[in-house]
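Working notes for the structure below.
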Amino acid sequence: MKRIFLATLLALVSLTGFSQTNAPVAAPEAVPGKMEWFREAKFGMFIHWGIYTELAGIYGDKTDGGEWMMHSKKIPIAEYSALASQFNPVRFDADDWVRLAREAGQRYLVVTAKHHDGFAMYHSHISPYNIVDATPYGKDVVAELHRACREQGLRFGFYYSHVQDWYHPGAGGCDWDPAHDGDFETYLNEIALPQVDELLEALPDVDIVWMDQGGDITHEQAMRFYERVRAHPQIILNNRIGGGVTGDVITPEQFIPATGYQGRPWETCMTMNRHWAYCAYDDNWKSADELITKLVEIVSKGGNLLLNIGPDKYGTIPQVCRDNLQRIGAWMKVNGDAIYGTQASPFPFLPFGYATRKGNTLYLHIKDWSRRISVPYGLRVRKAYLLADPSVRIRHGRKGHQTWFELPPFAPHPAVSVLAVECEENVPTQAVPTTGLAMKVDGRVVPELSDEDYKSTWTAAAGSREAAVEIELPEALGIQCLATVEPWQIWDNIRQHYRVEAWIGGVWQTLAEGDGDGTGITLPFTPVTARRFRVRVTNPDAAISLRQVMLFQ
Ligand code: FHN
């Protein structure tokens, strides 16, 4: 009975990704300097690869989720594990993969050593269900990638699914095959913990351990993994061990948080199409320009991007992924200074794009090119130039609290062009005018909306599907953007709708409307100066729920 409950709960957790991205975080600086390279690196490669690529997202006449196929199609263990006997990625070339990452500007790489299907992509001495003992290929690809990373100067990490394992009896996540019946504790002590031990023994200098889907593991069970990882002080551990156990890095999945996580290390992991593992029919590829823009937005909010590839069963990386990475690499060659080792933007919002900074240099990442842009701060500019062509003279000036820059007619890059602004002093972080402000719903103050705590959530009473958040600023201010944080995941498909209004001339004027994506919304509008604002929220899919509401100047 307990196992069926555990399997059902884990299945529920896996489908909703509940709470895994918000697990509490320990002080990463517990080991001095440990996070330095990570904060400097900003950009890494995630690799989802395994015997599930033999199916390439297709099972009989059905198509579904790449690495989740065994689970979503409830494929019997005997049938699924037989895929190992076909797995022979003869075109796999670790040096080529690592070179592709390095030339894209990625400074670290994380590969799936074992995903939820329980198959080890390294030579496990704990379970014969591994690439060396169970496939015609017979070589340890994790060791190969580790070697290539060391040779080419990339940091290296492995992903390990410690709770969900649909092959080894007693583990979490498989309730469709009696062959999986067993005890979870036995699975932990005889498979998962010894496998983590052998990985840490084989890769003692590993830089990152990326656990996933901690689900409903107990604190005590989770601590057994935690202590093993902590025995290697250099290791950066993500926040997905579960059991309320802390990690070093917050890991939002497939989304970019509205304003980052207040100075704590975080890393968005993201697919290039809609699947982590290779999926023959999924052509929903993000363009290189879209990915460059996401990288810039993430870094401008103080985060890292772990961008995923899903190689196929031959060991080939899809050409579109190669092309995307090469285009990103070309952009990084010109603009890398505005990414590596930078801090988050001092401005919560910029209408033309994003900003990063390094010392007294501000990097303005211009997404929406125009002949003139401005930032809401009186800068003392020493020099301003385009990273793409420092010889172009950029005229600039100040007007009140604004500093403007005159740009040439054409943008050097179709996605993001960077203007470097060397200043006399460091630009202080601009406060969000609504932080800590009392926001009211139906006349009642709702502290969760402006308490800067990303975990505190407000949900409308009795599941009501509409609400109006009233915001009164201490004085009339020029406001040009609404941003919210929502409690759902991207794949929950919740579309909470927003209408932002300002009280101007005795009436409520609508400034903009838009839908959230389940994680929040950033809704820019033509700047207005006002003191009272109202955010009308409706939700066709669920009870109104919000973690943060912010207005930006
Ligand atoms: O279930 C996994 C999924 O397959 C993939 O590995 C992602 C990557 O972050 N994590 C889980 C879903 O949250």
Side-chain angles (χ1 to χ4, degrees), residues 1-20 23 48 50-52 65-84 112-131 133-134 142 158-200 209-229 238 240-243 245 276-277:
M1 183 57 200
K2 180 168 176 298
R3 200 189 59 66
I4 294 170
F5 165 74
L6 187 61
T8 325
L9 183 76
L10 277 164
L12 173 69
V13 164
S14 63
L15 290 174
T16 61
F18 172 72
S19 87
Q20 66 183 346
H48 277 71
I51 60 174
Y52 34 76
E67 73 285 357
W68 272 78
M69 186 65 92
M70 182 181 175
H71 185 282
S72 54
K73 298 298 166 247
K74 311 245 172 286
I75 306 175
I77 292 173
E79 180 185 340
Y80 181 88
S81 55
L83 294 171
T112 49
K114 189 194 83 168
H115 204 268
H116 307 331
D117 66 350
F119 186 79
M121 291 295 279
Y122 68 96
H123 190 188
S124 173
H125 301 283
I126 301 299
S127 168
Y129 194 47
N130 71 74
I131 191 169
D133 300 323
V142 171
F158 65 79
Y159 167 112
Y160 187 84
S161 175
H162 57 310
V163 172
Q164 291 226 50
D165 180 322
W166 308 324
Y167 178 83
H168 295 100
C174 177
D175 60 357
W176 60 88
D177 188 334
H180 194 266
D181 286 0
D183 174 60
F184 186 61
E185 263 297 315
T186 309
Y187 156 73
L188 286 181
N189 296 329
E190 295 183 4
I191 299 292
L193 290 162
Q195 282 195 322
V196 169
D197 286 339
E198 67 177 351
L199 279 163
L200 292 173
V209 170
W210 222 96
M211 304 296 251
D212 199 12
Q213 300 264 316
D216 192 35
I217 195 173
T218 68
H219 182 75
E220 184 278 324
Q221 290 166 333
M223 282 305 288
R224 287 185 241 161
F225 289 97
Y226 182 77
E227 275 140 19
R228 278 165 168 77
V229 174
N238 73 342
R240 296 192 185 197
I241 273 192
V245 167
W276 296 98

Seminar exercise, completed: Distance col, row H180:NE2 vs Y187:OH, nearest 0.5 angstrom, shows 8.0 Å

Exercise. What orientation do H48 and W276 show, parallel under 30°, tilted 30 to 60°, or perpendicular over 60°?
Worked result: tilted

For this session: Begin with the C-alpha distance, continue with both residues' side-chain angles, and end with the deciding distance and a verdict on side-chain hydrogen bond (donor to acceptor under 3.5 Å, both in side chains) for S161 and Q164.
Result: CA-CA 6 Å; S161 175; Q164 291 226 50; over 6 Å; no

Exercise. Between K114 and E67, is there a side-chain N and carboxylate O pair less than 4.0 Å apart?
Worked result: no

For this session: Could you check if a side-chain atom of L200 sits within less than 4.5 angstrom of a side-chain atom of V209, using non-hydrogen atoms only?
Result: yes

For this session: Apply the ring pair (Phe, Tyr, Trp, His ring centres under 6.0 Å) test between W68 and each candidate in W166, Y80, Y52; give the one that qualifies.
Result: W166

Problem set entry | Backbone N/O of G243 and side chain of H219: donor-acceptor pair under 3.5 Å | yes

Problem set entry | Nearest heavy-atom neighbours spanning D133 and P128 | CB-O, 3.7 Å

For this session: Look at the side chain of E79 and the backbone N and O of P76, then say whether any donor-acceptor pair between them is shorter than 3.5 Å.
Result: no

Problem set entry | Closest approach of R224 to N189 (non-hydrogen atoms, all atoms of both residues) | NH1-OD1, 2.9 Å

For this session: Would you indicate whether the side-chain heavy atoms of H162 and Q213 approach each other to under 4.5 Å?
Result: no

Exercise. Given Q195 and S127, is the side-chain hydrogen bond (donor to acceptor under 3.5 Å, both in side chains) satisfied, shown in steps?
Worked result: CA-CA 8 Å; Q195 282 195 322; S127 168; 4.8 Å; no

